[in-house]
Amino acid sequence: MARYIAPVQGKVSQLIDVIVLLILSIGALYLPLWMHMAGAAKTPGVVENPTWESLGQNAVQAGQYEALGYTPATAADLITARFDYSFSYLNLIVMVVVIVGYFVMMLKFSETEYREVIAEKFGEK
Amino acid sequence: MTDTDITSQAIDGMGPHGTKVGLLRVLGPAHVWALGVGIVLVGEYMGWNFAVGKGGAYAALIACWFAGILYSCVAMIDSEVTSTVAAAGGQYTQAKHIIGPLMAFNVGLYLTFAYTMLEAANAITAGYLIDQVAGMTGHQGGIDQRPFIILAIMFLAWLNYRGVLATLTFNLVITAIAFSAIIILFLSTSGVIGAGDMKHADLLAGQASLPYGWIGVLAAMHFGLWYYLGIEGTTQAAEEVRSPARSLPFGTLAGIMTLLIAATLTWYVCSGTLPWEFLGDGVNGSVAPLFDTARLSGSQALVWLLGIGTLFATLASANGCINDASRAWFAMGRDRYLPGWFGAVHPVYRTPYRSIVFLVPIALIFALGAPLDQVITFSILSGLLEYTFMPLNVILFRKKWPLATIKRGYEHPFHPLPAITLLALCSVTYFAVFLGYGTQLVAMIGFYIVVSLWFHFWRYRFVNRGAQFTMPWPRPEGY
């Protein structure tokens, strides 16, 4: 196999590559935040005139909250907030397809490139 | 690339193309331990407790142990491969030699993002801690945390810029202190020394035991990774240790054992002191659970010790993350996977200085602009993709170079059981992430698909083909 000679990359082109990578990575990480689609927010329950008993706290639990500086009123949101774990099977399937598809693509493209590397390094068989 | 020899005893590490200036081989096994444990130990000081929020305290304990199994597999697999592929870039370099360039490029990015996001999370915690200390010493109304976040990142980047030996010796000292603080807190509050102060029976009674049922246990696996995330970073020191084949497996396996102990003790003292709802809310409740546990112990000495331990753990972690992210970025630059400008080594300090400096503003963007749980999630997702790559990597490594063909510094037992276990636990963790942060997961994989296409169709033209294979190995079987 003929030895591949990589072209020399100019400084401007290098800079453009870095900018592209930065935009893509910051975009991917911040996009869900900007679109308010990031993370599972907990939803606090509504408890009128909360007491430790109405918040379901026993004496020891209430004592620890008080030692941390909380009152039933200030601790109510913290104690009653819960995640919602309901999900759609369609979304789950989409996620599985995306992950598996990504790794399949990765392995397939890598294999093509890898054969080229081995052929040049060790010679054609 | 062909003019460098990774196994050379005559020069230090691999110099950039056409030079003999490379990274400095000055580290021993203790530094490897300090790098791995230093990066991770902060996970016991903050972040793991989100797992409590996701499923309750018992769920977090189950997640702690299953994540422990996951990371034991990671450590065993990594120790075998890296004892053979001793080069900066760690898993990136492994992927380059074993799977192929595109996988390597992706793994390099996983590493950079996982460590840079972890660094950002550490800086956020350091800022929070300074704010808490200001409040405890009488300051009213809170302080602006941003200058402390910037200062922490800048100082550690400077330390990394100046040399790896000082950087990791600093890590060794502060990590040892932070680990000792956990042991002392456990001994002081668990009843081993004096009267115990643990209240598990009452704090975990009734609905507090498993507030979400078994789906909460699955969900907790998401943040269960935080107990150990980053231990695989020991491999980044491969080109700077004096004896990679011995030091890397020793440092990595000693590291995971240290962390298994620290994680279990941390769960025990925190869940026996703090109500689960408070413990599990790392934003509005307990940002630094070991510190909060010390506050409730009634001992001022423990408060100060754990305050110092938390600060040291965050600094050690950020320090190690700067070290590791810059090595991964540097290694990709050296191979021209990224612009070759990043592949330079400082002529005096012998560090990848351009990569170190370049990653500072990226860490700052996230430390100053994103909430802690999101930053942690970004880091975990990159780590999870990396752990999914590892079993594929080791299976192909054993297939292409069976045990008889290459001498390993360490051979992991029961192959392929650890690889299969790791893959299964990764699948469970993907589901856990899906339960709360599916959007980020899909967004992040979308990003990797786009950059993969960019690399394959554009960037790869600047990479020499055979020359990037730098290991003195025989031809892989089947090729």
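Quick caveat: nothing in here was measured; it's all calculated off a predicted structure. To find a chain, count down the sequence lines: A is the first, B the second, and so on, and within it residues start at 1.
A:E120 CD to B:Q468 CD: the interatomic distance, rounded to the nearest 0.5 Å, is 9.0 Å. Here the straight-line distance linking atom OG1 of A:T112 with atom CG of B:L102 works out to 9.5 Å at 0.5 Å rounding. Note: A:L24 CG to B:F447 CZ = 6.0 Å, rounded to the nearest 0.5 Å. Atom CD1 of A:I79 and atom CH2 of B:W276 lie 10.0 Å apart (nearest 0.5 Å). Note: A:I26 CD1 to B:I365 CD1 = 4.0 Å, rounded to the nearest 0.5 Å. Remark: B:R465 CZ to A:I118 CD1 distance equals 13.5 Å, nearest 0.5 Å.
The closest side-chain heavy-atom distance from B:V463 to A:Y4 is not below 4.5 Å. Proximity of A:Y85 to B:K54: side-chain heavy atoms (C-beta onward) are separated by under 4.5 Å at one or more points. Counting heavy atoms from C-beta outward, A:L15 and B:W341 have side chains that stay 4.5 Å or more apart. Looking only at side-chain heavy atoms (C-beta outward), B:R459 and A:Q9 come within less than 4.5 Å of each other. The side-chain heavy atoms of B:K400 and A:Y114, taken from C-beta on, include a pair separated by under 4.5 Å. Within the 4.5 Å cutoff, no side-chain heavy atoms of A:E113 are placed close to those of B:M103. When side chains are defined from C-beta on, B:W454 counts as touching A:L21, because their heavy atoms get closer than 4.5 Å. Annotation: side chain of A:F109 is not in contact with side chain of B:S452 (no heavy-atom distance under 4.5 Å).
Classified by interplanar angle (parallel below 30°, tilted 30° to 60°, perpendicular above 60°), the ring pair B:F278/A:Y70 is perpendicular. Taking the six-membered ring for Trp and thresholds of 30 and 60 degrees, A:F83 and B:Y212 have ring planes inclined between 30 and 60 degrees apart.
A:S110 contributes no side-chain N or O that, together with a main-chain N or O of B:I99, makes up a donor-acceptor pair within less than 3.5 Å. Here the side chain of B:E277 pairs no donor or acceptor atom with the backbone of A:T80 at under 3.5 angstrom. Between the side chain of A:E111 and the main chain of B:G100, no donor-acceptor pair closer than 3.5 Å is present. Proximity of a side-chain donor or acceptor of A:Q61 to a complementary backbone N or O of B:P275 within less than 3.5 Å is not detected. Judged purely by atom type and a 3.5 angstrom limit, B:Y430 has no side-chain atom pairing as donor or acceptor with the backbone of A:I99. Within the 3.5 Å criterion, the main-chain N or O of A:G123 finds a donor-acceptor partner in the side chain of B:R475.
Among B:F434, B:Y460, B:F469, B:Y448, the residue with the largest count of heavy-atom pairs under 4.5 Å with chain A is B:F434. Top candidate by heavy-atom pairs under 4.5 Å with chain A, chosen from B:L109, B:V442, B:I215, is B:I215. Ranked by heavy-atom pairs shorter than 4.5 Å toward chain B, the options A:V98, A:N91, A:D17 are led by A:D17. With chain B as the partner, the residue from A:V8, A:V60, A:V20 showing the most heavy-atom pairs under 4.5 Å is A:V60. Among B:L381, B:T388, B:L396, the residue with the largest count of heavy-atom pairs under 4.5 Å with chain A is B:T388.
Interface remark: B:P371 contributes side-chain atoms only to the contact with chain A (heavy atom separation under 4.5 Å). For A:A81, the part lying under 4.5 angstrom from a heavy atom of chain B is the backbone only. Contacts of B:A208 with chain A are made by side-chain atoms alone, with heavy-atom separations under 4.5 Å and no backbone atom involved. Contacts between B:F366 and chain A at a heavy-atom distance below 4.5 Å involve backbone atoms as well as side-chain atoms. At a 4.5 Å heavy-atom cutoff, the contact between B:T273 and chain A is made by backbone and side-chain atoms alike. A:L92 touches chain B through backbone and side chain together, each having a heavy atom under 4.5 Å away. For A:D77, no part lies near chain B; criterion is any non-hydrogen pair under 4.5 Å. Residue B:I449 touches chain A through both its backbone and its side chain, counting heavy-atom pairs closer than 4.5 Å. For B:L203, the parts sitting under 4.5 Å from any heavy atom of chain A are the backbone and the side chain alike. Contacts between A:N58 and chain B at a heavy-atom distance below 4.5 Å involve the side chain alone, from C-beta outward. Interface residue B:I362: only side-chain heavy atoms are found under 4.5 Å from chain A.
Shortest non-hydrogen contact noted between A:S13 and B:W458 is OG-CZ2, 3.9 Å. Residues A:M106 and B:N106 share a closest heavy-atom pair of SD-ND2, 3.1 Å.
The six-membered or imidazole ring of B:F389 lies away from that of A:F103, with a centre-to-centre distance of 6.0 Å or more. A centroid separation of less than 6.0 Å is found between the aromatic rings of B:F431 and A:F87. Separation of the B:Y479 and A:F122 ring centroids does not fall under the 6.0 Å cut-off.
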